[in-house]
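In what follows, chains are A, B, ... by sequence order, proteins preceding strands, each numbered from 1.
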There are 4 protein chains.
Amino acid sequence: MDAKRERIKKAALEIFSSQGYANTTVQQIAERARVGKGTFYIYFATKEELLTDLLIEGLTNMGQHIERKIRTLQGSAAKLRAIVREQLRYFYEHQSLCRLITREVWGHSDQSSSLAQRVRSSYIRMLQEVVEKGIKDGELRSLDPQTVATALYGMVSMVALSMKDLPSDGAIERAEMTLQELLFSGITTSRMVAVEA
Amino acid sequence: MDAKRERIKKAALEIFSSQGYANTTVQQIAERARVGKGTFYIYFATKEELLTDLLIEGLTNMGQHIERKIRTLQGSAAKLRAIVREQLRYFYEHQSLCRLITREVWGHSDQSSSLAQRVRSSYIRMLQEVVEKGIKDGELRSLDPQTVATALYGMVSMVALSMKDLPSDGAIERAEMTLQELLFSGITTSRMVAVEA
Amino acid sequence: MDAKRERIKKAALEIFSSQGYANTTVQQIAERARVGKGTFYIYFATKEELLTDLLIEGLTNMGQHIERKIRTLQGSAAKLRAIVREQLRYFYEHQSLCRLITREVWGHSDQSSSLAQRVRSSYIRMLQEVVEKGIKDGELRSLDPQTVATALYGMVSMVALSMKDLPSDGAIERAEMTLQELLFSGITTSRMVAVEA
Amino acid sequence: MDAKRERIKKAALEIFSSQGYANTTVQQIAERARVGKGTFYIYFATKEELLTDLLIEGLTNMGQHIERKIRTLQGSAAKLRAIVREQLRYFYEHQSLCRLITREVWGHSDQSSSLAQRVRSSYIRMLQEVVEKGIKDGELRSLDPQTVATALYGMVSMVALSMKDLPSDGAIERAEMTLQELLFSGITTSRMVAVEA
DNA sequence: CATGAATGAGGCTTCATTCAT
DNA sequence: AATGAATGAAGCCTCATTCAT
């Protein structure tokens with residue numbers, strides 16, 4: 001049964017996200033996955049390999065999910081709008097993953113985590129390319145694409161993370177609308193203020 | 001000498017931020033602070049207390065710093081503008097702190113870390129109040145204040161964290177301008193698109 | 001197929017001798033013997049039983065081999081001479097076995113290894129008997145038979161073990177001659193020196 | 001107190017020699033040395049380092065002890081005689097060390113144990129040099145020095161190891177005399193047999 | 001017979017914390 | 001106040017052995 005590998009990953013993601021990777025023991029993971037401790041090591045060489053697996057697979061999945069969604073859309077603005085929508089929902093539904101990435105990818109400057117760097121930038125780069133295209137086409141304002149991409153990622157993920165505090169009905173919809181408005185039209189009532197500043 | 005307490009905190013912040021709290025040993029902290037391992041426990045009851053101290057003090061300091069800056073400013077938009085500017089610079093100059101907060105505050109759902117919740121929300125609440133005031137005064141658009149505050153926090157801190165990748169001269173200034181434009185005027189060239197969406 | 005049992009024993013002997021019994025895993029043995037790990041346990045109840053088997057069979061084989069060689073010889077001196085010759089060659093050609101015996105039989109004082117004692121002494125006793133006969137017949141000098149037997153065993157096996165360092169051609173022949181000379185005539189040029197000492 | 005380091009070494013040597021290095025746990029060593037398990041790692045980086053330490057120190061000590069004894073003696077034969085005497089007594093009184101060396105130095109062909117090789121040969125080389133000198137001076141017969149040295153080492157240590165079986169009074173004296181006779185005059189009553197072979 | 005996935009006891013090592021100096 | 005030697009709980013990982021296929 002290869003279902004065991006998946007059981008372990010699921011269990012690990014949940015515990016990692018609530019206690020942090022370093023505070024989670026292999027024992028705990030194994031228990032939650034209902035396998036023996038030794039079984040863990042049949043499927044993963046080390047605890048860290050499991051983490052790596054989760055991070056890469058998680059971000060890759062979201063990336064693919066989103067790319068499918070935006071492929072058919074016309075215009076960079078429409079694509080960005082979809083990205084906000086989908087990333088928010090994805091992270092909302094996979095809060096554990098989102099928290100894990102925040103902790104282990106953004107919360108590290110460890111040189112050994114060059115993996116983290118690669119994982120992180122692979123997704124950011126996609127955002128960046130959409131922004132660049134939009135600027136070239138005159139659809140988006142001429143702002144630094146990398147900064148915009150990072151900011152977009154940051155606002156969406158932090159909002160997704162803070163949503164467990166308000167699990168009220170329709171909360172995601174409202175959060176999404178707020179983010180869309182914010183990102184596309186800015187926060188001020190009078191645009192002139194910003195433009196001429 | 002109470003300078004020792006500060007030496008320990010400084011050392012700890014640096015190591016925590018690069019290796020993570022859980023991977024840092026008291027030994028390492030003591031060595032970097034040039035004190036004995038036993039001395040550590042004169043100033044801090046446990047390793048975790050030190051973490052708590054750093055988080056609270058860090059966010060409190062930034063909060064106070066920023067509040068001083070915006071106290072005299074007129075108008076919520078101006079205040080927000082200053083917040084973006086100051087938070088970005090603060091986190092840029094205290095990347096270690098920013099990374100620590102990202103890891104240990106946002107990357108946790110641990111119930112034991114209710115502290116994290118409090119710390120986090122104390123700062124977010126301040127942002128939120130500025131936004132609420134701005135909306136009431138008609139200066140800002142009527143968006144959900146908590147979401148806006150969280151998004152603002154998220155975009156600024158992630159951008160600050162990613163800036164070590166580009167330490168080129170004037171990078172902060174450009175990043176700040178991009179964030180200001182983004183936040184205040186939105187990303188699209190034609191405002192109508194967003195407004196009427 | 002009972003060839004599998006032999007394959008396992010051969011594989012085990014090789015690995016045991018190079019890594020030691022305790023550092024060898026059943027997995028490694030099974031792989032080298034090209035059988036499944038479970039198959040191992042069809043032929044041997046435990047890893048230790050395999051060790052016991054190898055030791056007993058190894059020494060028994062050598063004992064039988066040597067007894068065949070000396071049975072027809074006349075005189076204890078001639079028999080001893082043949083023993084030196086054959087044990088040296090046997091251990092040289094079965095260095096793995098020799099190393100295993102050295103490690104696991106001589107290198108132990110474990111009470112549980114009373115087996116080791118038995119195995120060891122069964123071979124030594126044969127030597128001892130030859131020596132005793134030689135003394136009684138006046139062919140050999142009147143020295144303590146057990147000490148002589150042990151010394152003979154020790155010098156031959158250590159020399160055999162150290163020969164992998166010099167795999168040059170004709171090395172065994174030279175080593176054998178040296179041992180024979182040493183054992184039969186002693187090391188000094190003038191016999192009187194020793195006798196009268 | 002540095003007495004702890006010595007306590008640990010003493011305890012380890014005893015247990016290693018009776019159960020073998022690989023079957024001995026750090027826990028057992030610590031208990032016997034009456035220190036905490038963690039304390040062990042203050043004095044030794046790993047369990048293997050302790051083994052290395054014991055082997056090197058043990059052989060070095062014996063080497064120095066013996067060199068002191070033979071330095072003032074005149075003639076290679078007299079020196080060899082002293083070597084037999086002292087090595088036998090040393091190994092008899094430090095059976096644990098002798099067994100450890102037999103197991104871990106002679107019982108290995110592990111390439112990683114190049115240390116073992118070095119340790120082993122450092123002592124053997126000394127023997128060899130005495131033999132070479134004796135041959136050059138015409139005091140000893142012209143036999144291969146390395147083989148003679150190895151054989152000498154082997155016969156003495158195996159006899160020392162087997163002496164626990166006969167702890168009767170005066171046993172060492174008798175064993176020593178037997179070895180001396182054997183080594184210096186050979187085993188046969190009639191020398192001619194060997195000489196003319 | 002043959003296999004290898006599964007298991008858990010147990011080993012090595014680390015580290016937060018204590019305490020005698 | 002300052003130190004670092006001492007400790008044992010706890011974690012990661014290995015491996016002999018079992019058992020369902």
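- With dA1(F), dT3(E), dT7(F) as the candidates, the nucleotide lying closest to the side chain of T39(D) is dT7(F).
- Nearer to the 5' terminus of DNA chain F, by closest-nucleotide assignment, is the contact made by I42(B) (compared with the other of G36(D) and I42(B)).
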Strand DNA chain F in bracket notation, Watson-Crick/G-U under 3.5 Å with | for pairs to another chain
.||||||||||||||||||||
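- Seen from the ring of F44(C), R5(C) counts as a face-on cation partner, given the 6.0 Å and 45° thresholds.
- Scored by the side chain to side chain donor-acceptor pair (under 3.5 Å) test, K47(D) finds no partners at all (sequence neighbours excluded).
- S96(D) meets the side chain to side chain donor-acceptor pair (under 3.5 Å) test with S17(D); sequence neighbours excluded.
- As rounded to whole Å, 12 Å separates atom P of dA6(F) from atom CZ of R5(D).
- Spacing between atom CZ of F44(A) and atom P of dT14(F) amounts to 15 Å, rounded to whole angstrom units.
- As rounded to whole Å, 12 Å separates atom P of dA1(F) from atom CD1 of I8(B).
- Partners of A30(A) according to the side-chain contact (heavy atoms from CB on, under 4.5 Å) rule, which considers only residues two or more places apart in sequence or in another chain, are V35(A).
- Qualifying side chain to side chain donor-acceptor pair (under 3.5 Å) partners for N61(C), counting only residues two or more places apart in sequence or in other chains: none.
- Rounded to whole Å, the distance from CD on E31(D) to P on dG11(E) is 11 Å.
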Any chance you could list the contact pattern along nucleotides 16-21 of chain F? Use B for base contacts, S for sugar-phosphate-only contacts and - for none, protein heavy atoms under 4.0 Å, 5' to 3'.
SBB---
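- The CZ-C1' distance, from R34(A) to dG8(E), rounds to 18 Å in whole Å.
- Contact annotation: Y43(D) does not reach the phosphate of dA5(F) (side-chain N/O to OP1 or OP2, under 4.0 Å).
- We find that CZ of F16(A) is positioned 14 Å from P of dG11(F), with the value rounded to whole Å.
- Residues passing the salt bridge (Lys or Arg N to Asp or Glu O under 4.0 Å) test with R34(B): none are found, sequence neighbours excluded.
- Whole-Å rounding puts the E49(A) CD to dC12(F) P distance at 15 Å.
- Residues that satisfy the ring pair (Phe, Tyr, Trp, His ring centres under 6.0 Å) test with Y90(C), not counting sequence neighbours, are H65(C), H94(C).
- Applying the side chain to side chain donor-acceptor pair (under 3.5 Å) criterion to E31(A), with sequence neighbours excluded, gives no partner residue.
- For the pair I15(C) CD1 and dC15(F) P, the interatomic distance rounds to 13 Å; values are reported in whole Å.
- Y21(D) places no side-chain N or O within 3.5 Å of a backbone atom of L100(D) that could act as its donor or acceptor partner.
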